[in-house]
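Working notes, structure below.
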Amino acid sequence: MNGKLSNIGKWVLGLLAIITVGLAVYFYLDLQNEARTSVILNWGYILIILGIVIALFSVVFTGLVKGVNGKTLLFGAIAVVVIGVVAYLMAKGCFSQEYVAGDVTYSGKTHGWVEFGLDFFYITLVVSLLSILFSVIYKAVKK
């Protein structure tokens, strides 16, 4: 069954790549139409949503097929929620501040969500690096 899923994944990825290349060619060749930017942006939104759905589906599907411990999945989900809450609390003050870049002024809401995303990324990066370091040291001491 794993081989069939792998082949399906390759075909879907190939189809998405062909559509993306086609839209990129359309974007650069259709110089008269101003709507081309919205087409590319909408396709980008579709790809992001597909990526999130596929990532969530693959975790659930792998858990069902391989019998991953539910406690481990729950621990991971709780960790993501905790990191999200900490990142939101760190960025909470930025939601009331406007951000000026050149001639453009961004609202405090935009500034706050960007700050939240950056904080979430940084916290996740530090946690993952600490996890890797702990794993390496634990395996070295255990042997």
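As the structure is a prediction and not an experimental result, all values here were calculated from the model. Counting begins at 1 with the first residue of the sequence.
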Do Y122 and M90 belong together in a cluster built from hydrophobic side chains that touch within less than 4.5 Å? no

Would you give the length of the straight line joining atom CH2 of W43 to atom CD1 of I46, rounded to the nearest 0.5 angstrom? 6.0 Å

side-chain contact (heavy atoms from CB on, under 4.5 Å), paired with T124, selected from I83, V80, L129: I83

Find the distance between CG (L130) and CG (L125) and round it off to the nearest 0.5 Å. 9.5 Å

Roughly how far, to the nearest 0.5 Å, is CZ of F57 from CG of L50? 13.0 Å

Ring geometry between F116 and Y88 (parallel below 30°, tilted from 30 to 60°, perpendicular above 60°): perpendicular

Residue from I49, L56, I54 passing side-chain contact (heavy atoms from CB on, under 4.5 Å) with I52: L56

Could you pull out the closest heavy-atom pair between T20 and L16, with the gap in Å? OG1-O, 2.8 Å

Separation of L13 CG from I18 CD1 (nearest 0.5 Å): 10.0 Å

Do F121 and V126 sit in one hydrophobic cluster, given that two such residues count as connected whenever their side-chain heavy atoms are within less than 4.5 Å of each other, even indirectly? no

Write down the atom of L23, the atom of I40, and the distance for their closest heavy-atom approach. O-CD1, 3.6 Å

Linking I/L/V/M/F/W/Y whenever any side-chain heavy atoms sit under 4.5 Å apart, do F75 and I123 land together? no

Tell me the closest heavy-atom pair linking G112 and A91, and the distance in Å. O-CB, 3.9 Å

